[in-house]
There are 2 protein chains.
Amino acid sequence: MAVADAGRFREAALTLEITQQAVSKRIAALERDLGARLFTRTARGALLTVDGQVFLPHARDLLRAEERAAASVRPGRRALRVDVIGRRLAPADLVRDFHHAHPDTALDVVTLFDADTAISAVRTGTIDASFRALTFPAHRLPDGIAAARVHDEALELLTGPGHALAAAHAVTPAQLAGHRIWMPGNVAGTEWAAFYDDLGAAFGFTIEVTGPDFGTEPLLDTIADSPHLATFVGVQTRMVWPAGHGLRRIPLRDPTPVYPHSLIWRADNPHPALAALRAHLGTVRRSADTWTPKWAR
Amino acid sequence: MAVADAGRFREAALTLEITQQAVSKRIAALERDLGARLFTRTARGALLTVDGQVFLPHARDLLRAEERAAASVRPGRRALRVDVIGRRLAPADLVRDFHHAHPDTALDVVTLFDADTAISAVRTGTIDASFRALTFPAHRLPDGIAAARVHDEALELLTGPGHALAAAHAVTPAQLAGHRIWMPGNVAGTEWAAFYDDLGAAFGFTIEVTGPDFGTEPLLDTIADSPHLATFVGVQTRMVWPAGHGLRRIPLRDPTPVYPHSLIWRADNPHPALAALRAHLGTVRRSADTWTPKWAR
DNA sequence: CTCGACCACAACCAACGGTTGTCACAGGCA
DNA sequence: TGCCTGTGACAACCGTTGGTTGTGGTCGAG
């Protein structure tokens, strides 16, 4: 880049604060690695070849990417850090929507272990905001931490083609009494576990959260083959389910269980993108005929 | 990336085919350079910290950018290489439009010296297509080279506020007789020079192409201050002119001089993006009351 | 033809990034 | 409790890399 901008090896060496010979060696090594000549050397400087002209913008991209990467962990950074629970749940879509609406706003997305670590990360400023379900009233949040209910995610039943309820157009939670619902993954001790405990207790079915999370594919395989097991998924427009499993998505009604997502942030965080995110999300409009855990009412 | 994927330094070392100690040193050096801890080391592996989670996608971006950069000059590449004459002329906009319509099609844009080198570059396969004005009939192109007239770029007069024609709403080329038109830049010997030679000769004004090109800013400064000099610019919707110069853009009428841009490509080039580009461009519909050089009629 | 500015080549050397060998520490298990 | 295993870190070592200085070849202008 320096040689292309300066037009001369020697002048580039000045700006890089190394010797002309070192520049020569760098360019030679780069050309050797790429297998392409980047400059035509003349007695009055260096001119980009066609390959050089093609390569130059990519080289600039590379340095820009490096700069962004370093800035992402530098204190005093500007990108908004958001904690999103689960990549296949509604908050991931909310963040994508926000990114689509504000493409110039830099976002860094992370996923923390549970709500407690998320809240303390917000408190210390490690992250700027967190999508979580609050399992206690908002006034019991630490001082200076604010929260707003931003999305109620309706749940659907996901079954295999041989499941007893596979043919149903809709199912009520009461109909699930006695059924086995399988939620794999390490949710023990998190707010998800609290949600499922309440849900199962309210309607008399058992939710099994045992077993490690081997990823989404084995889960789907197991569900597809089993006449007894089913699982819950969020009503998502974006998620593309792998075809070929014969899976059924069955709406839940009377009432529809919804998972209450809140956004949590530090009240004194001045980040402009945080204000934009809150404005973009608004607050949830609660719909009738839904069920939420008692701690969310 | 290897450590994050594997979850263990030792396993990452295997995939990288170096020793665990070398991985340790690399991560330590990276953390030192960034000034941030990326992993929390436990007795059963390494877990990403929040900073690590934030940094990881940027690291992946970086390696992707490197891959793209290297691929851009590798023979057997897939990106379409297009030669565009001048970044402030219509072909640049045509390419931008195409990129907007086909955002997934990788494009590399270069600017060659003149039409002859562009044609020979197309012939040898160094580039895939070139936007140029043909100063000779298309049937005199080398064998296997095809061309299509894709855009006629109407010219406007650009003057300073003190210029004799600054107040005019429109100007005919004949009215420019005796005026001085300044086109800086190294256009001597190129198809632009041929165009301007014909244009000046047809209507009796002189076009000065002397002087090196110091960039667009000094050009605009000079034009803005001079009551005698003017220049031509293409009718561009995209170009944002720096404010504060008081510059006037005056349409040319009766007839409007237009610069005839052609796309030149190798007939046997199978690149799918080339077909898409040709389909996107279509062919020019010539409008009445325009002037083109005699070699373009 | 000569001169000056350009870049390349050679020799040298510090420092970087790998290696081997070893250690401290944590968790599982008898 | 104590051993064993697997984790990452540290130390010593060393070849390669990437810089330096010194010099040479080439091209275009005067």
Side-chain angles (χ1 to χ4, degrees), chain A residues 1-53 55-56 59 62-63 66 69-70 73 113 186 188-189 210-212, chain B residues 1-53 55-56 59 62-63 66 69-70 113-114 117 186 188-189 210-213:
Chain A
M1 282 171 47
V3 174
D5 291 342
R8 287 187 206 82
F9 280 47
R10 181 150 283 144
E11 196 176 327
L14 282 178
T15 71
L16 296 175
E17 299 186 296
I18 57 176
T19 60
Q20 166 264 312
Q21 289 84 341
V23 175
S24 226
K25 277 173 115 179
R26 281 197 195 179
I27 299 293
L30 181 60
E31 289 178 330
R32 179 173 47 75
D33 291 348
L34 291 172
R37 199 145 191 82
L38 298 179
F39 293 96
T40 55
R41 282 78 161 167
T42 78
R44 269 215 301 284
L47 279 175
L48 283 170
T49 61
V50 173
D51 278 333
Q53 281 193 51
F55 187 74
L56 182 60
L62 204 40
L63 287 222
E66 188 207 6
V73 295
F113 174 65
N186 266 336
T210 59
Chain B
M1 282 170 48
V3 174
D5 291 342
R8 287 188 205 81
F9 280 48
R10 185 147 278 145
E11 196 176 328
L14 281 178
T15 71
L16 297 175
E17 299 187 297
I18 57 176
T19 59
Q20 167 264 314
Q21 290 84 342
V23 175
S24 229
K25 277 174 119 181
R26 281 197 195 180
I27 298 294
L30 181 59
E31 289 178 332
R32 180 173 44 76
D33 291 347
L34 292 173
R37 200 144 191 82
L38 299 180
F39 294 96
T40 54
R41 282 77 161 168
T42 78
R44 269 214 300 283
L47 279 176
L48 282 171
T49 62
V50 173
D51 277 332
Q53 281 194 51
F55 187 73
L56 182 60
L62 205 40
L63 287 222
E66 188 207 5
F113 174 65
D114 65 2
T117 57
N186 265 336
T210 59
D213 189 355

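Residue numbering restarts at 1 for every chain, and letters A, B, ... go by the order of the sequence lines.
Note that CG of Leu16(B) is 11.5 Å distant from CZ of Phe9(B), once rounded to the nearest 0.5 Å. Interatomic distance, Lys25(A) NZ to Ile18(A) CD1, rounded to the nearest 0.5 Å: 10.5 Å.
Contacts of Arg44(B) classified as side-chain contact (heavy atoms from CB on, under 4.5 Å), with partners at least two apart in sequence or in another chain: Thr42(B).
When the shell of 6.0 Å around CD of Glu66(B) is examined, it contains 12 or fewer heavy atoms from other residues, nucleotides or ligands.
Straight-line distance from the CZ atom of Arg41(B) to the C1' atom of dT7(D): 12 Å, rounded to whole Å. When the C1' atom of dA9(D) is taken as reference, atom CG of Leu30(B) falls 17 Å away, rounded to whole Å. As rounded to whole Å, 15 Å separates atom P of dG17(C) from atom CG of Leu16(B). Atom pair Ile27(A):CD1 and dC6(C):P shows a separation of 16 Å (rounding to whole Å applied). As rounded to whole Å, 15 Å separates atom P of dT7(D) from atom CZ of Phe39(B). The distance from atom CZ of Phe9(B) to atom P of dC10(D) is 11 Å, rounded to the nearest whole Å. The distance from atom CG of Leu38(B) to atom P of dG8(D) is 15 Å, rounded to the nearest whole Å.
Of all heavy-atom pairs between Ala12(A) and Ala6(A), the closest is N-CB, 3.8 Å. Contact between Phe39(B) and Glu31(B) at its shortest, heavy atoms only, is N-OE2, 3.3 Å.
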> When you check every protein heavy atom under 4.0 Å of nucleotides 25-30 of chain D, what one-letter string (B, S, -) results, 5' to 3'?
Replying inline: --BSS-

> When every nucleotide of nucleotides 11-23 of chain D is labelled 5' to 3' by its protein contacts under 4.0 Å (heavy atoms), B for base, S for sugar-phosphate only, - for none, what sequence of letters results?
Replying inline: -------BBBBBB

N/O donor to acceptor pairs below 3.5 angstrom from side-chain atoms of residues 45-53 of chain A, sequence neighbours left out:
from: Thr49(A); atom 1: OG1; to: Arg37(A); atom 2: O; distance (Å): 2.8
from: Thr49(A); atom 1: OG1; to: Leu38(A); atom 2: O; distance (Å): 3.1
from: Thr49(A); atom 1: OG1; to: Asp51(A); atom 2: N; distance (Å): 3.4
from: Thr49(A); atom 1: OG1; to: Gly52(A); atom 2: N; distance (Å): 3.0
from: Asp51(A); atom 1: OD1; to: Arg81(B); atom 2: NH1; distance (Å): 3.0
from: Asp51(A); atom 1: OD1; to: Arg81(B); atom 2: NH2; distance (Å): 2.5
from: Gln53(A); atom 1: OE1; to: Thr111(B); atom 2: N; distance (Å): 2.7
from: Gln53(A); atom 1: NE2; to: Thr111(B); atom 2: O; distance (Å): 2.9

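Under the salt bridge (charged side-chain N to carboxylate O under 4.0 Å, His left out) criterion, the residue pairs touching residues 3-12 of chain B are Asp5(B)-Arg60(B), Arg8(B)-Glu11(B), with sequence neighbours excluded.
The rotation axes computed at either terminus of the helix from dC1(C)-dG30(D) to dA30(C)-dT1(D) lie 20° apart, taking five pairs at each end and rounding to 10 degrees.
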